[in-house]
Each structure stands twice: as structure tokens, then as C-alpha cells.
Amino acid sequence: MTSDVAVQLVDERLAADLGIVPERLDAGRLRAAYPRRAFVDGWRIPVDCSDGQTRRVDLLIGSAFPAAYPRTALVDRPDDLEWPHVEGDGVMCLLPIHAEVDAGDPAAVAVNLLARSARLIEELLSGDIVERDFREEFLTYWFYGSDFGAPKVRSLLRPGGPSRMVRVWRDRAGAMTVAEDAATLERWLANLSGSPHARKTCRHEPAALVWLPTPPVPADYPIIGADVVTLAATAGPGASGIVEELAAATVDNALVVFGAEGRGGAGLIAVETTVAHRRSGARGGTEHPLTQGFRAAPLPAGVAASRMFSAAPVRRLQVDRADARWIHGRGRDPRLERLIASTVVVIGCGSLGSSVAARLARAGVGRLHLVDNDALAWSNVGRHELGADCVGFNKAKALAERLRREFPHMDVAGHDLGMHVLLSHHERLLIDADLIVAATGSWGAEGALDRWHVATGRNVPIVYGWLEDLALAAHAVTISKTGGCLRCGFGPTGVPLLPALDWPSGRTEHEEPACGNHYQPYGAVELGFAVDLVATTSLNALLERPAESVEHVWLTARANAVAAGATLAETLTRRSNQVPLGGGLVTAPWPKGCEHCTNAINLAA
Ligand SMILES: [Zn+2]
């Protein structure tokens with residue numbers, strides 16, 4: 001349906017419903033009334049309200065109508081920010097931003113929207129929803145009342161009480177980043193810039209976070225500095241004390257972040273005082289307006305507060321949350337507290353390990369140690385998390401640097417270490433971890449890790465991940481405190497005893513034209529399933545340690561395996577009677593009782 005036809009249908013329907021020809025708004029009147037919007041057509045409709053007044057409502061359509069829904073605006077309205085859901089130009093917020101409407105019946109959509117608008121006006125007149133909605137959706141109304149054009153304050157703060165002193169850093173353009181303490185702020189900036197130097201050059205100042213018992217309504221929004229003190233006082237004497245402490249710290253402009261729980265979770269807003277600009281002193285030097293008249297520090301706290309939070313206007317700023325809880329789940333993922341507090345060591349940062357590490361970072365694991373003693377080669381680039389810009393660099397260190405830049409709130413360290421040096425000189429890394437992920441593809445390395453694991457009592461679970469030929473199957477084995485060790489499923493030279501696939505006419509390993517360099521021809525896409533398997537197994541092991549060692553296998557569809565010359569191995573079907581024909585996940589018990597771990601258990605007993 002074209003826009004013209006849709007407009008005609010709406011016009012006819014309005015005339016029929018209202019019994020009059022509705023007033024049409026031409027382009028000139030639309031531009032004058034709604035200069036920030038791109039409405040192309042509209043009608044002005046009188047609505048009789050229960051208080052005896054008639055209020056005019058505009059029905060407005062944009063160029064995407066009827067695919068996009070029309071808007072309504074209240075022409076006869078109270079002052080800005082007296083009614084929620086009515087923007088400064090009168091446009092009413094009735095539908096969620098991504099609401100879908102029936103484009104095939106534009107007249108019904110228009111009439112429905114008008115009816116909703118009339119209902120909203122009645123609710124606003126009755127007053128019941130005014131304060132409630134201002135509070136529940138306070139970030140929206142703060143946005144309408146904020147200083148347009150001012151950069152948002154970037155927040156790394158944990159959004160919750162109690163009120164407390166925090167730190168703020170201003171960049172050259174005046175944009176602010178606020179964090180719990182100096183160390184967090186400095187580390188975050190160093191991670192983001194990729195330069196440890198940023199830690200030293202960053203100058204930060206005290207700021208305050210005031211946690212309010214309930215979100216503010218527009219009447220509470222600070223206009224002058226003194227209003228900041230009034231609003232903080234609603235959070236109790238502790239909050240007032242914090243604001244006084246901030247004033248006594250005599251920073252030029254004071255930043256106070258306010259937080260509260262709205263309907264959709266915690267929200268943050270910020271106010272910056274603009275009072276304190278240095279000016280020339282009477283004797284030619286500069287005097288600070290906050291300390292003027294007081295020769296010696298300290299300035300009495302009450303005096304500092306009254307000068308800092310004076311009659312000068314404040315800037316009302318929006319806050320952009322950049323804290324871990326927001327980034328990894330918008331504050332709504334209950335698993336996150338556990339993950340943020342977790343430490344994972346990933347040994348082997350090749351095609352599998354590097355992508356598993358990146359997944360764990362995205363999931364919100366708070367601390368990662370990446371271990372690999374290999375440099376990235378051109379032949380790795382096609383299926384590695386890192387690309388051409390990292391060729392020649394140590395895989396673990398380069399990946400750690402990249403993840404720190406992408407997730408500056410995280411703690412990611414890269415270690416250029418082989419397994420034997422790790423075990424002999426850096427055992428602490430392993431002992432302190434909540435989970436170890438091993439994806440080295442080397443039996444020499446993982447056999448040694450398993451011996452260490454068994455000898456030290458298997459206190460930290462290890463997830464071992466590896467691929468079969470052509471990446472047609474992948475394994476993730478979690479070795480727990482009880483059940484088998486890794487060795488239980490491998491022969492003495494590292495031959496897997498429990499493959500998922502057999503290769504009746506030979507395996508597929510290829511050799512480079514160089515001595516002893518074997519590789520497996522598979523691509524980044526086939527690898528994806530293996531990454532998912534090992535990352536999922538790792539995440540599950542972190543959230544709930546499996547009671548006993550267990551194996552998860554990902555298997556390609558049977559037809560793919562057959563086409564490649566492989567058959568389903570009896571060693572898999574024997575352990576699980578649920579191997580899906582179309583490919584997928586199989587969970588199987590991991591064998592136990594090898595000589596190696598049985599002896600260790602006997603020794604411990
Ligand atoms: Zn064993």
C-alpha cells in the first residue's frame with residue numbers, strides 16, 4: 001500500500017468516526033510545530049476530556065507510513081516534564097520503539113493510537129501514574145531534562161549503595177570517566193589505550209556517588225549547586241557527608257553521580273557543578289574561589305560545601321554504563337556475579353584455545369591467564385582469533401592485549417610459557433584458578449598437566465579440548481576431583497582410546513614440505529562447533545563443578561562423516577546410545593581407574 005492510499009484511508013476513517021472533516025496539518029505547520037521531527041502529514045483532532053476541557057491531539061505520520069506507525073502529540077499540555085510520556089514538543093510515547101503494527105490496515109492503527117492517547121490523557125489527569133512513571137522510567141525524563149550536547153559520563157561504577165567517594169578522570173575534551181577507585185580507573189585506561197604509560201599520565205580527582213532510596217522526579221532535578229545538596233540529603237546523613245567531603249577536596253568542578261533502582265533495574269545520572277573557576281587574585285597570583293578568604297587549610301567543611309554547591313547553575317549529564325555487569329548481560333544475568341569473580345587459565349592459545357578464551361571474556365569471566373610459548377604464524381591467521389597484525393608476536397601476550405583493549409574492565413594476562421616451565425615455576429597460577437582450560441593439542445604437554453593434576457589432588461577442574469580429523473568431531477573432557485583422570489582415556493603415547501570417528505581407509509593428516517610439520521586441513525567454520533563445545537563446557541564447569549569427570553563430544557552429521565571417509569566409532573556408540581544422525585552433542589561417561597590415578601588415590605588413602 002502506498003503512503004498516499006494509506007493517508008486517504010485514515011482521512012476517510014477519521015471523518016466517519018468524528019462526524020466532521022478533521023483539520024489537516026500542512027508541511028509548513030508541521031515544520032513549525034515539530035522542528036526536530038520529519039512528519040510529512042497530519043491531522044488535528046479535538047478530544048473531550050473528563051475534566052470538561054477539550055484538548056487538541058495531533059495525529060502525525062512520517063514518510064515510512066504505513067510501514068512505520070504514526071505518532072500522536074498533545075497540543076494543549078502542561079509545562080515540560082510535568083507529565084510523563086509527553087515529550088517537550090508534545091509527542092506522546094505510547095508504543096515501545098520497536099513495536100510492530102499492521103501496515104495493511106493503517107486506518108485501524110491510527111484510530112487505535114488516538115484511543116490510546118485519549119486513555120493516557122485521562123490517566124495523567126487522574127494523577128495516579130504521574131509520579132510513579134517519572135520514577136520508574138527516570139532515565140528517560142532525566143535525558144529530556146539533561147544538557148544537550150554535553151558528553152555522557154562513562155561509568156565503571158558498581159550501580160548500588162552505599163553512597164561513597166569515587167574517582168573521575170577528564171580527558172582533554174572534558175569527557176568524564178568515573179570509577180570506584182584510582183587503581184580501577186588507571187587500569188581501565190591503560191587497558192583501553194593498550195599503553196601501560198596511560199596509568200601514569202592519567203590525572204584523576206575525587207567525585208561522589210550518591211545512592212538514592214527512590215529515583216528523582218523532575219521537580220527534584222538540580223538546577224543550581226544548592227539543589228545537589230538537597231537531593232543528596234534525601235539519601236540520608238551518610239550521603240550528605242559524602243557531598244561535604246567532596247566539597248572539602250576542593251576540585252574545580254565537582255561531579256556527583258546519583259543512582260537509584262528504577263523499574264528496569266539500576267540507573268545512574270550525574271550532575272556537575274560549574275561554580276569554581278580560577279580567577280586572578282588581588283595580588284596578581286591566582287586564588288581559588290573555594291578557598292578565598294581562608295589562608296590556611298583545612299577549609300571548614302560546611303563552608304566548602306556551601307561554596308561548591310552554591311547558586312551557580314549545574315550541568316545535568318547522562319551516564320553511560322560501561323561496567324562489567326552492564327556489558328555482560330545488561331545487569332540482568334544472575335550468573336554474572338560468579339563469572340566476574342572467576343579466574344580461568346587457558347593453556348594453549350591456538351585456533352581452539354584463542355577463540356575459547358575470547359568467548360570466556362565475552363561471557364564476563366573477570367580474570368584470564370593466557371599461556372602459550374608460540375608465535376603467531378601466517379598459516380595460523382585463517383582460523384585464529386588474532387589476525388595479520390599479530391604475526392610474529394607471542395600468541396598469549398598478543399591475545400591478552402587485544403582482550404584488554406576490548407574488555408578494559410577485565411584483568412587479562414598473557415604468559416609466554418611452555419607447559420613444563422608453567423608447572424615447575426608458575427604453579428601458583430594453576431592453584432589459584434577456578435578453572436583450567438587446556439587446548440594445546442600436545443600429549444606431551446597435557447600428559448604432564450594431568451600428572452601434576454593427579455599429584456596435587458585435582459582441586460581445580462580442568463577442561464581438555466581437542467579435535468578429530470577435519471574437525472568433524474570435537475571433545476571436551478572435564479576432569480574433576482573424582483572419576484577418571486585424562487590418562488584414563490589415552491594410551492601411553494597419547495593415542496585417544498575413545499575416538500568418535502574411525503577412518504577405515506587412513507587418516508587425513510597432511511605434512512608441510514618441511515621435516516615433521518604435520519597439520520590438519522580444516523577451516524574456521526568447521527572449527528566453530530568445537531569452540532562452542534569447549535567454551536560451553538568451560539562455562540558450565542565454572543558455574544557448577546561437575547561431581548565426576550565427564551566427556552562431551554560434538555559430532556558432525558553422519559552424511560558429512562561418510563563423505564569424508566569416516567565411520568562412527570564403536571568407542572562412542574558403546575558409551576552413548578543417543579548419537580544423533582544429524583550431528584550434535586553427545587555426553588558420555590569418562591572412563592576411570594587407570595594405573596596412574598588409582599595409585600595416586602591409594603597413596604592418598
Ligand atoms: Zn586415570
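Read the numbers this way: they start at 1 and go in the same order the structure lists the ligands and their atoms. Reckoned from all heavy atoms, side chains included, excluding hydrogens, waters and symmetry mates.
With 3.5 Å as the limit, one finds no donor-acceptor pair spanning the side chains of H426 and H415. Using a 3.5 Å distance cut-off with no hydrogens or angles, the side chains of H552 and T587 do pair a donor with an acceptor. Using modelled atom types, one finds no donor on one side chain facing an acceptor on the other under 3.5 Å when comparing W590 with E548.
Using a 30° and 60° split on the angle between ring planes, W554 and F529 fall in the parallel class, below 30°.
Scored by the side-chain contact (heavy atoms from CB on, under 4.5 Å) test, R263 finds E136, E137 as partners (sequence neighbours excluded).
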Checking L399 against D372 for the side-chain contact (heavy atoms from CB on, under 4.5 Å) test, could you report, in this order, the C-alpha distance in whole Å, the side-chain angles of both residues, the deciding distance, and whether it holds? CA-CA 10 Å; L399 182 59; D372 203 311; over 6 Å; no
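Near-neighbour remark for the Zn ion (ligand 1): protein N, O or S atoms under 2.8 Å are C485 SG, C488 SG, C594 SG, C597 SG; waters not counted.
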